[in-house]
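For reference, the structure is listed below as structure tokens.
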2 protein chains.
Amino acid sequence: MLSRKTKYGLKALTFLAKREEEEPVPISIIAESENISQKFLESILLSMRKAGFLGSKKGKGGGYYLLKNSNEIKVAEVYRILEGPIAMVPCVSLNFYEKCDDCPDESICSVHKLMIQVRDNTLKIFENTTLEDIIIKE
Amino acid sequence: MLSRKTKYGLKALTFLAKREEEEPVPISIIAESENISQKFLESILLSMRKAGFLGSKKGKGGGYYLLKNSNEIKVAEVYRILEGPIAMVPCVSLNFYEKCDDCPDESICSVHKLMIQVRDNTLKIFENTTLEDIIIKE
DNA sequence: TGTAAAGTCTACTAATTCTATAGGATAATA
DNA sequence: TATTATCCTATAGAATTAGTAGACTTTACA
């Protein structure tokens, strides 16, 4: 399941990517437009700023803005920041690998083998999809 | 993330599928072989019995056994029983559809569009993979 | 016929994660 | 200096996960 955090994060980013103007957009505007709790969105945008996707400006006229072009922001990167590993089990994760405590030998684990397939497929989509690709013009 | 429940369930099923013999296997054997808490595994096997994948026999010499051939049990079916929807958001689920409360119009939601792709890819794998396919002979 | 072995069923619990909320600090602008 | 907006820390309620506990039922077999 995709967490609300990631869902909201992606929505906020595409909201910003959809705009032609480059001026900062206050959280309140994004929250209202996308039906997201403003306080919750605050923390989400903050972590995306820290991750280098967003810039921010304080005070009047301030808000958040994209630091890169929308075709330079991969869904995979956003997903990893907000949601964590793309893999369904840690033992097949490329960026967050962990050994399963119940599994003595990955090479003979059928779940492992299966989940590698799923990871590869999902990864392919997330790595090859940028914000630009998921924008829907109204 | 795949829950331990589903992971254990799949492991238990493949454990049974790997055996040539048809005699019931007690929970304790499966739990020990696969390093799973026996009590936890109990409830998992029970729900798979109720779902029609497993048969059981009580008393001495009892245990669980597969009711179908391993090539007739799709990962997708097992996954839906133990984990729930394959889709990452309810609004793109085929079997567990729910409208998102924050989203007024799915047709213009970029997350929706993206998650349909992921669902289709994962579904393809899970629908076309049976227990037989993921067995690893030692 | 008694006993041990096995599944069945209900209820409970500890820990973790998720989804926020509260409130003040800091910074920019007019 | 008042206003607007982000920044930051702490906290809290709800839900989910991953088990545990214990009594009950059924079966095989000595």
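Quick caveat: nothing in here was measured; it's all calculated off a predicted structure. Every chain is numbered from 1 and lettered A, B, ... according to where its sequence line falls, protein lines coming before strand lines.
- Here B/Ser43 does not reach the OP1 or OP2 of D/dG19: none of its side-chain N or O atoms lies under 4.0 Å away.
- A sub-4.0 Å separation between OP1 or OP2 of D/dT20 and a side-chain N or O of B/Ser37 is present.
- With D/dA23, C/dT29, C/dG23 as the choices, the nucleotide that has an atom nearest any side-chain atom of B/Lys39 turns out to be D/dA23.
- Comparing D/dG19, C/dT19, D/dC8 by their nearest atom to the side chain of A/Arg49 picks out D/dC8.
- Contacts of B/Lys50 with the nucleic acid, taken as non-hydrogen atoms under 4.0 Å apart, involve only primed sugar atoms and P, OP1 or OP2.
- At a threshold of 4.0 angstrom between heavy atoms, the contacts of A/Ile27 are confined to the sugar-phosphate backbone, with no base atom among them.
- Side chain of B/Lys57, nearest nucleotide from C/dC9, C/dT19, D/dA28: D/dA28.
- At a threshold of 4.5 Å between non-hydrogen side-chain atoms, the residues A/Leu82 and A/Leu10 do not count as touching.
- Comparing B/Lys58 and B/Tyr8, the nucleotide of DNA chain D nearest to each residue sits closer to the 5' end for B/Tyr8.
- Minimum heavy-atom separation, B/Lys68 to B/Gly52: CE-O, 4.1 Å.
- The side chain of B/Ser56 has C/dT8 as its nearest neighbour among D/dC7, D/dC29, C/dT8.
- At a threshold of 4.5 Å between non-hydrogen side-chain atoms, the residues A/Tyr64 and A/Lys57 do not count as touching.
- A side-chain donor-acceptor contact under 3.5 Å links B/Ser3 and B/Glu83.
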